Amino acid sequence: MAVRTVLQFGPSSATASLTAKVNPLVIFNICDCFVRRPDQAERVIGTLLGSVLPDGTVDIRNSYVVPHNEFSDQVALDIEYHHTMLKSHLKVNPQEAIVGWFSTGLGVTGGSALIHEFYSREVSNPVHLTVDTSFGSGEGTIKAYVSVTLSLGDRPLAAQFQEIPVDLRMIEAERVGFDILKTTAVDKLPSDMEGMELLMERLVSLINDVYKYVDDVVEGRVAPDNCIGILISESVACLPKLSPPVFDKLINDNLQDQLLLVYLSSITRTQLSLAEKLNTAAQLP
Amino acid sequence: MANTMARSFLQAVATEEVATPLRVVQIEGLVILKIIKHCKEFSPALVTGQLLGLDVGSVLEVTNCFPFPIQEEDEEIEADGANYQLEMMRCLREVNVDNNTVGWYQSTMLGCFQTVELIETFMNYQENIRRCVCIIYDPSRSNQGALALKALKLSDSFMDLYRNNNFTGEKLREKNLSWVDIFEEIPIKVSNSALIGAFMTELEPDTPVTQGDYDRLQLSTNPFLERNMEFLIECMDDLSMEQQKFQFYYRSQSRQQAQQQAWLQKRRDENKARKAAGEEPLPEEDPANPIFKPIPEPPRLESFLITNRIANYCNQINGVTGQSFNRLYLTKALHDN
């Protein structure tokens with residue numbers, strides 16, 4: 001009749017659905033702060049700002065670094081700086097509140113627990129984000145943790161950092177273009193037409209790939225995969241089924257509208273140069 | 001020996017005064033993302049922010065930025081704004097960010113940013129900083145897939161004229177200044193630290209098609225073009241109003257001259273009559289007479305700015321329609337297949 005007390009994890013059901021969405025700006029900011037850190041500091045620590053969405057996901061949108069000092073197992077955080085920056089950021093964007101904190105370096109250390117405790121006094125259930133800038137495990141890892149209390153029976157024992165999935169929403173970065181953000185120097189921003197050109201080339205190569213794949217399957221060189229076949233037929237079926245004359249009329253109408261606009265803008269330009277000549281050249285005797 | 005050394009040192013210091021012209025603006029990826037996020041969050045409201053960085057030779061490096069809060073129309077908030085700026089700069093200084101203001105950024109709606117306020121802000125900044133630049137970001141055009149980021153600065157000749165408030169027709173003709181010369185666009189270079197490059201290479205998804213491509217391939221550009229046309233029409237109205245002002249001025253000036261001639265003629269006749277009668281001739285000029293008062297020439301600045309705006313809209317329309325042609329032909333080809 002041994003009564004066995006089981007080591008219970010705290011409310012795991014809540015954390016199971018918790019994910020963190022990270023804006024690429026946050027990663028950029030953290031890397032930039034890490035590059036600028038004072039010489040004796042090994043890592044940088046800072047606050048994460050964002051909001052908690054109604055479905056429980058934590059949306060991390062902004063961040064700022066907070067100066068700190070770290071000794072063997074003592075950590076001193078500049079709290080006043082943290083509050084000043086928070087106030088300034090709230091002036092610009094009152095919806096961004098503290099959702100957690102970040103630190104560079106792989107894994108969590110003893111000092112992290114203290115800092116996490118400090119942040120849990122500011123906001124309930126803070127998220128701890130680690131960005132491994134030293135690429136210790138061969139790749140840049142970004143992990144997020146929440147603190148989960150371990151309790152033995154009814155007595156709270158300790159807190160554990162439990163990892164939660166991180167969703168890196170790179171849509172903004174994609175819009176800007178990874179080519180610009182990847183390399184160390186880009187000579188000029190691509191103009192509209194150049195972007196269009198690159199896009200066309202990519203589209204053509206994609207279509208060629210699909211074509212080759214279908215050819216291979218028909219010839220029997222590659223084993224057919226039903227899922228891919230269904231996807232291909234679905235995308236081809238997406239093209240609107242219009243009879244040729246209707247479709248032609250649609251396209252021609254659109255073309256003519258655009259041509260009209262181009263004509264209008266050329267006329268306006270001519271008008272501008274005429275007006276300028278009249279204005280500045282006119283002089284009275 | 002020491003004398004010649006000293007002189008050459010003085011010479012070297014003296015020649016430092018010639019500033020190298022600004023040729024390129026180097027922005028960090030971080031700044032671009034921050035600007036995009038700030039402008040997008042508050043669009044369609046227009047927002048501004050401060051740029052920080054370094055001024056190195058012919059390159060202006062922008063390494064960080066921070067946004068300004070939206071200012072209410074209240075006098076006491078003015079001091080708050082200055083306080084906010086000082087606090088932000090102080091805090092950023094503590095974490096080793098460049099504390100040097102090099103300009104400001106602002107968002108715009110479809111490119112109608114050439115206003116008198118912009119010029120005023122430029123003059124304000126120019127008094128304190130030797131070289132400053134303004135970055136304009138257009139979130140509505142970036143929804144079409146292009147990155148609408150521009151770096152602007154006022155041309156030197158325009159600044160001299162504006163400072164002396166000398167905006168008459170003759171002065172402009174003298175300097176051969178037309179509406180094209182007000183703003184100068186500077187090419188932008190993007191730089192990133194190697195760490196960021198490593199992260200981005202890592203995090204880049206494997207799909208060959210990105211969100212930017214989806215935006216560019218959108219067939220519906222009508223709302224954007226419609227709004228562009230609306231703005232264009234409004235600006236044409238403004239321009240025609242300015243033209244009318246000029247015409248009125250010219251007409252009244254020629255009328256005044258005719259009046260002056262007539263009056264002068266009458267005076268001369270009177271004088272002849274008086275000379276014949278042996279009296280003193282009256283003076284040929286009469287400054288108290290209102291027809292001799294010079295009519296003030298209307299300032300040309302507004303019309304120049306409007307012209308700039310119109311040219312901008314035309315360029316935008318051209319760009320978008322060019323892209324639409326591409327897309328339409330692509331759709332046609334796809335359908336034929």
Side-chain angles (χ1 to χ4, degrees), chain A residues 24-25 27-29 31-36 38 65 67 81 84-85 88 91-93 133 135 139-140 168 170-172 174-178 180-189 192-193 195-196 199 202 206 239 247 251 254-255 258 261-262 265 268-269 272 275-276 279-280 282-284, chain B residues 29-30 32-34 36-37 67 69 84 87-88 91 94-97 146-147 149 169 172-173 178-179 187-204 208 210-213 216 225 243 246 253-254 307 310-311 314 317-319 321 323-326 328 332 334-335:
Chain A
L25 172 62
I27 313 274
F28 266 78
N29 207 3
C31 291
D32 183 64
C33 298
F34 181 75
V35 170
R36 286 175 192 277
V65 74
Y81 180 93
T84 323
M85 281 293 259
S88 306
K91 270 200 208 147
V92 177
N93 204 342
T133 44
F135 285 76
E139 50 173 42
L168 290 166
M170 288 286 164
I171 295 193
E172 296 305 325
E174 277 180 11
R175 280 235 177 87
V176 174
F178 270 105
I180 302 186
L181 294 174
K182 241 189 337 191
T183 57
T184 38
V186 170
D187 276 335
K188 67 183 210 55
L189 293 177
D192 295 347
M193 281 309 170
M196 238 7 213
L199 172 62
R202 258 187 297 201
L206 273 180
L239 289 175
F247 187 74
I251 294 252
N254 251 321
L255 263 179
Q258 313 283 354
L261 285 175
V262 172
S265 71
T268 322
R269 280 249 191 82
L272 285 181
E276 183 207 337
N279 270 342
T280 50
Q283 29 183 335
L284 292 168
Chain B
L30 170 69
I32 295 186
L33 277 182
K34 269 193 173 174
I36 293 182
K37 171 176 176 288
Y84 167 83
E87 261 187 37
M88 278 303 262
C91 291
E94 282 189 35
V95 285
N96 290 339
V97 175
L147 183 59
L149 206 64
L172 290 167
R173 241 170 291 133
S178 80
W179 55 269
I188 298 184
K189 245 171 60 158
V190 181
S191 80
N192 289 307
S193 66
L195 184 61
I196 301 248
F199 261 107
M200 284 295 130
T201 323
E202 177 79 27
L203 296 170
E204 184 177 3
T210 67
Q211 182 70 27
D213 297 334
R216 271 194 213 117
L225 283 175
Q243 301 265 40
F246 275 122
Q253 223 189 19
S254 51
T307 322
I310 296 185
C314 290
I317 292 186
N318 276 346
T321 48
Q323 288 194 321
S324 307
F325 284 149
N326 282 340
L328 284 172
K332 193 152 172 220
L334 271 180
H335 193 256

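Keep in mind that what you see is a predicted model, and the values were worked out from it rather than measured. So you know, we letter chains A, B, ... as the sequences are listed, proteins then strands, and number each from 1.
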Quiz item: Rounded to the nearest 0.5 Å, how far apart are CD of B:E87 and OG of A:S88?
Solution: 4.5 Å
Quiz prompt | Derivation of the side-chain contact (heavy atoms from CB on, under 4.5 Å) call for B:I36 and A:L25 | solution = CA-CA 10 Å; B:I36 293 182; A:L25 172 62; over 6 Å; no
Quiz prompt | Choice from A:C31, A:C33, A:P67 maximising heavy atom contacts with chain B below 4.5 Å | solution = A:C31
Exercise. Among A:L255, A:N29, A:V65, A:D32, single out the residue with the greatest number of heavy-atom pairs under 4.5 Å to chain B.
Key: A:L255
Quiz prompt | Under 4.5 Å from a heavy atom of chain B, the part of A:V35 involved | solution = side chain
Exercise. Return yes if some donor-acceptor pair links the side-chain N/O of A:Y81 with the main-chain N/O of B:C91 below 3.5 Å, else return no.
Key: yes
Quiz item: When rounded to the nearest 0.5 angstrom, what distance separates NZ in B:K37 from CG in A:N93?
Solution: 6.0 Å
